[in-house]
Amino acid sequence: MPEGLEAEIWRRAAQPIVGRSIRHVWCDERVAPDGLVDTLNDARILAVDRTGKVVQIVTDAGVLGLHLGMTGRIEIDGTAPIERLEYASGADRPEWDRLRLTTLPAATVDGSGAPAVRMNDPRRLGRLSLDEHLELGPDLLTLSAAELGGALGRRTVAIKSLLLDQAAVAGLGNLCADEVLFWAGVAPGRSADELGEKEIVAIARACRTRLSKMLEAGGSTHGALSPQVRAGPAVCPRDGAPLQRSTIGARTAVWCPAHQR
DNA sequence: CGGCATGTTTCGCC
DNA sequence: AGGCGAAACATGCC
């Protein structure tokens with residue numbers, strides 16, 4: 001599930017660890033930069049932030065970045081804010097753990113000794129970073145028409161590909177990009193530079209309004225184009241026309257040719 | 001077995 | 001130089 005919405009859910013859920021000290025760090029060295037463990041041991045957690053899809057644990061010794069990839073999940077104090085991933089195994093095997101971080105004080109909720117932060121990622125496309133400089137576009141939840149217009153420029157890529165470009169707009173993934181275009185009434189394959197002002201306004205507005213609703217509903221899978229709708233032959237939830245599946249930018253786009261033009 | 005999956009990075013070609 | 005598209009990465013599931 002990890003798109004910007006999931007990262008935001010995890011960021012919120014992680015706030016209880018702010019103010020604690022890191023007692024022990026373990027990580028899968030294949031997905032972490034050298035020196036990460038030594039740097040973070042005994043550091044104090046100052047904040048948990050989000051930049052695009054990246055959850056950032058800010059400490060007085062450095063910023064730990066959690067990139068979830070396609071199948072990464074986070075547990076806080078032994079509790080998973082998002083229980084299961086739509087396009088990943090329902091299993092949760094210890095050998096898929098990529099980060100275990102314990103704190104003082106430890107979790108107070110259940111006294112189970114569970115890590116304060118645990119990242120589990122079956123597919124191992126996710127990774128950890130330390131003091132990484134991120135060059136990302138404006139955030140998906142607050143995107144303005146002016147910001148989107150600036151990102152479009154003279155780009156000739158499909159608008160959907162541009163929305164997935166993290167340097168253009170930060171935090172959108174495949175599901176949210178389809179969802180936003182669905183509500184904005186714009187076909188995903190349209191060249192970015194040929195969009196009119198009204199369409200730019202509609203896309204930016206759809207980001208702010210629809211994505212906020214999806215966030216409160218539970219994340220990227222809670223839109224009109226849910227995984228259930230995407231999976232099979234389905235009709236448009238808005239007008240009943242047959243939905244179309246296309247490959248755009250090497251990803252599957254689901255859209256309604258009747259109202260997305 | 002083939003194909004597909006919420007993501008990013010890299011490579012070759014304009 | 002920089003935009004663009006395809007391929008690669010790693011793994012599980014249907």
Side-chain angles (χ1 to χ4, degrees), chain A residues 1-10 28-33 50-55 65-74 80-98 119-129 132-137 140 151-182 188-194 207 210-211 214-215 217-233 245-254:
Chain A
M1 293 189 159
E3 296 191 28
L5 298 187
E6 283 67 38
E8 176 63 15
I9 290 170
W10 284 317
D28 182 335
E29 292 180 358
R30 295 172 298 178
V31 301
R50 174 187 66 82
T51 302
K53 300 175 184 176
V54 185
V55 177
L66 276 52
H67 299 246
L68 287 307
M70 295 270 277
T71 54
R73 294 165 286 186
I74 298 175
I82 298 167
E83 197 46 52
R84 122 160 232 143
L85 300 176
E86 198 63 40
Y87 295 112
S89 160
D92 179 4
R93 306 221 289 256
E95 62 264 36
W96 296 338
D97 278 358
R98 309 301 169 201
M119 175 174 153
N120 182 273
D121 177 19
R123 236 171 109 180
R124 214 210 316 155
L125 287 175
R127 61 187 181 84
L128 306 172
S129 67
E132 174 185 30
H133 177 63
L134 295 168
E135 291 203 19
L136 302 181
L140 76 172
L152 292 181
R154 303 209 189 292
R155 304 276 305 263
T156 59
V157 280
I159 179 60
K160 177 172 174 184
S161 296
L162 184 127
L163 292 177
L164 290 175
D165 178 352
Q166 300 300 295
V169 179
L172 287 171
N174 200 38
L175 269 57
C176 286
D178 276 357
E179 188 77 20
V180 163
L181 292 171
F182 176 89
R190 290 274 301 284
S191 175
D193 66 355
E194 71 173 29
C207 279
R210 303 308 312 187
L211 297 179
M214 289 163 67
L215 173 63
S220 305
T221 60
H222 294 254
L225 302 177
S226 66
Q228 293 71 35
V229 171
R230 300 177 70 87
R245 292 167 64 88
S246 315
T247 297
I248 295 172
R251 313 297 303 278
T252 298
V254 175

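This structure is a prediction, so every number in the text was calculated from the model and none was measured. We name chains A, B, ... by the order of the sequence lines, and we start the count at 1 in each one.
- Counting to the nearest Å, the P atom of B:dC4 and the CZ atom of A:Arg245 are 8 Å from each other.
- Of the candidate nucleotides C:dA10, C:dG12, B:dT9, C:dA10 has the atom lying nearest to any side-chain atom of A:Arg123.
- Counting to the nearest Å, the C1' atom of B:dT8 and the CD atom of A:Glu3 are 14 Å from each other.
- Comparing C:dC13 with B:dT8, their P atoms are spaced 22 Å from each other, to the whole Å.
- Rounded to whole angstrom, the span from the CE atom of A:Met70 across to the C1' atom of B:dT8 amounts to 10 Å.
- Straight-line distance from the CG atom of A:Asn120 to the P atom of C:dT11: 13 Å, rounded to whole Å.
- For the pair A:Glu6 CD and B:dG7 P, the interatomic distance rounds to 9 Å; values are reported in whole Å.
- Between A:Thr71 and A:Asp121, the side chains place a donor N or O and an acceptor N or O closer than 3.5 Å (distance only, hydrogens not considered).
- For A:Thr252, the side-chain atoms get nearest to B:dA5 when compared with the rest of B:dA5, B:dT8, C:dA10.
- Between C:dG12 and A:Arg93, a contact under 4.0 Å exists linking OP1 or OP2 to a side-chain N or O.
- Shortest non-hydrogen contact noted between A:Leu225 and A:Val254 is CD1-O, 3.6 Å.
- For C:dA10, the base has no donor-acceptor partner in the side chain of A:Arg124 [N/O atoms by modelled type, under 3.5 angstrom].
- The nearest pair of heavy atoms linking A:Met70 to A:Pro2 is O-CD, 3.4 Å.
- Under 3.5 Å, the side chains of A:His67 and A:Glu132 contain a donor-acceptor pair of N or O atoms.
- With a 3.5 Å ceiling on both atom-pair distances, C:dA10 lacks any Watson-Crick or G-U wobble partner.
- In terms of phosphate contacts, A:Trp96 brings a side-chain nitrogen or oxygen within less than 4.0 Å of OP1 or OP2 of C:dG12.
- Rounding to whole angstrom units, CG of residue A:Leu125 and P of C:dG12 are separated by 12 Å.
- In this structure, the CG atom of A:Asp121 is 10 Å from the C1' atom of B:dG7, given to the nearest Å.
- Of the charged side-chain nitrogens involved, at least one lies within less than 4.0 Å of a carboxylate oxygen, so that A:Asp165 and A:Arg155 count as a salt-bridged pair.
- Nucleotide B:dG7 holds its C1' atom 16 Å from the CZ atom of A:Arg73, rounded to whole Å.
- Here the closest non-hydrogen pair linking A:Leu162 and A:Ala168 is O-CB, 3.6 Å.
- Heavy-atom distances under 4.0 Å link DNA chain C to A:Arg155, A:Thr156, A:Val157 of residues 153-169 of chain A, given in residue order.
- When all heavy atoms are compared, the tightest approach of A:Leu140 to A:Gly4 is CD1-CA, 4.3 Å.
- Using a 4.0 Å cut-off, some side-chain N or O of A:Arg251 falls inside it from OP1 or OP2 of B:dG7.
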